[in-house]
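This one's a predicted model, so the numbers in the text were calculated from it and none came from an experiment. Each chain gets a letter, A, B and so on, in the order the sequences are listed, and its residues count up from 1.
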There are 2 protein chains.
Amino acid sequence: MKGSRLTIVDAARRHIYHNGYGSTSYADIAHETGLGKGNIQYHFKAKEDLLHAAVDQQIQDIREQLESWSLDCGTAYDCIERFIAMVEKNAKNLSLHGCPMGSLNSELGKHERRLQDHARAMFDLYLRWLEARFRSFLPRKQAQARAEQLMVMAQGASVLAHAYEESQIVRRQAKIMRQWLHDVCDQS
Amino acid sequence: MKGSRLTIVDAARRHIYHNGYGSTSYADIAHETGLGKGNIQYHFKAKEDLLHAAVDQQIQDIREQLESWSLDCGTAYDCIERFIAMVEKNAKNLSLHGCPMGSLNSELGKHERRLQDHARAMFDLYLRWLEARFRSFLPRKQAQARAEQLMVMAQGASVLAHAYEESQIVRRQAKIMRQWLHDVCDQS
DNA sequence: GATAATTTTGTACGATTGTACTATTATTTT
DNA sequence: AAAATAATAGTACAATCGTACAAAATTATC
């Protein structure tokens, strides 16, 4: 039996991803987990705590994911391609609910800047990891720029796919990202 | 003296852009316009009507903007560059509040799909206009793809710039877009 | 100028929200 | 087993929300 706290955080992550932070209430989480509302308050006194816990766990997941990629993949090129493959694999969810990082940051950036500071850390993880891979065959300044550019493409694809509820947009952009990555490597 | 209705829609547009649709209340608009709360309800019976009116006016603005660009610019290349110039010019606002189209679509896509249908029309305007320009020197299928790609870059830049509250991200990406546009033209 | 229509305002209401609090049950510690 | 701590549930409360409605003020129409 999984601990209540973890059950709550899992439900919170899913609900925040699907409905947004502002549209996630204690009642929602209580209903979704089958637990009492007071119980959830016991584990997370304020609503902000719930978000912090959800983001923390997602950060943890991202860390493990990136570590596993670093180990699995031979070349830096393969590593970066693995990132693109992840985007493509998640095309359906991205078109249905947007990017978990991007949409949360967009929402929090509007009127919860303090909370956004935490959510932004997810971007940092991917960006620094990508930059490190690009540095295998590019100088620091260029590696930084390429990492940013790749993340821009991934986020833009998510926004458009979500707006049109059309996963094909993500797949088309993934193809473009691969071609772009190939060209970037060629030039170096 | 500007009509009350227009005053309300203007305030609604600004407030929705800055705070999001979910965090925009009748009380907010009343306070911002100095009008009574009941008055706003008189002009817009339901909150959805307020959003529809705000989106309608924004669509109108976009239409006029695109028409003016079509007239001003000589070549299709110049037209597309004008689009990039607009993104760059709005870098500060994009970093502070995100893209008015993108962030609204992201929010509505989460749990107001019916309203998103309307908001998506803003994307359609830009995409179809861009596609038409690209068709000056590209076949239909490729023109469609290029328009989508450019919009992806613009939206991605907005998301990242908003997440980091860093307008330089938009400016860097605008530079990349210009280079990209140049290359696309060269290849044709 | 009287009458009708429109515009504006203020308030009231039911629903939902985050939070606080108490009581009850389960688990651990001694 | 007894005591203490942690966990769970239910309820209460003030605040805010969208909406409904009635009265007052303004403008238009004849």
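Under 3.5 Å, the side chains of Asp124(B) and Tyr164(A) contain a donor-acceptor pair of N or O atoms.
When the side-chain nitrogen and oxygen atoms of Ser4(A) are compared with OP1 and OP2 of dT8(D), one or more of them lie within a distance under 4.0 Å. OP1 and OP2 of dA6(D) both lie 4.0 Å or more from every side-chain N or O belonging to His43(A). The phosphate of dT19(C) (OP1 or OP2) has a side-chain N or O of Tyr26(A) nearer than 4.0 angstrom. The shortest distance between the side-chain N/O atoms of Asn39(B) and the OP1/OP2 oxygens of dT9(C) is below 4.0 Å.
For the pair Arg5(A) CZ and dT27(C) P, the interatomic distance rounds to 19 Å; values are reported in whole Å. Protein atom CD1 of Ile29(B) is 15 Å distant from nucleotide atom C1' of dT16(D), rounded to whole Å. For the pair Ile40(A) CD1 and dA20(C) P, the interatomic distance rounds to 16 Å; values are reported in whole Å. In this structure, Asp28(B) atom CG and dG18(D) atom C1' are separated by 13 Å, rounded to whole Å. Note: CG (Leu50(A)) to C1' (dT17(C)) measures 14 Å, nearest angstrom. Atom C1' of nucleotide dT16(D) and atom NZ of Lys47(B) are separated by 12 Å, given to the nearest angstrom. Rounded to whole Å, the distance from NZ on Lys45(A) to P on dC21(C) is 11 Å.
Checking dA20(C), dT19(C), dT6(C) against the side-chain heavy atoms of Tyr42(B) singles out dT6(C) as nearest. Relative to the side chain of Gln41(A), the nucleotides dT19(D), dA20(C), dT6(C) differ in distance, and dA20(C) lies closest.
In this structure, Thr24(A) reaches the sugar-phosphate backbone alone: every heavy-atom distance under 4.0 Å involves primed, P, OP1 or OP2 atoms, never a base. Among the atoms of the strands shown, none is found under 4.0 Å from any heavy atom of Ser23(A). Backbone-only contact: Leu35(B) has heavy atoms under 4.0 Å from sugar-phosphate atoms and none from a base.
Counting heavy atoms from C-beta on, the side chains of Phe44(A) and His52(A) never come closer than 4.5 Å. With contacts defined as side-chain heavy-atom distances shorter than 4.5 Å, the pair Leu181(B)/Phe134(B) qualifies. Side-chain contact between Tyr126(B) and Leu66(B): present, with at least one pair of heavy atoms (C-beta onward) separated by less than 4.5 Å.
With Lys110(A) contributing its side chain and His97(B) its backbone, the two residues share a donor-acceptor pair below 3.5 Å.
For Lys37(A) against dT19(C), a side-chain-to-base donor-acceptor contact under 3.5 Å is present.
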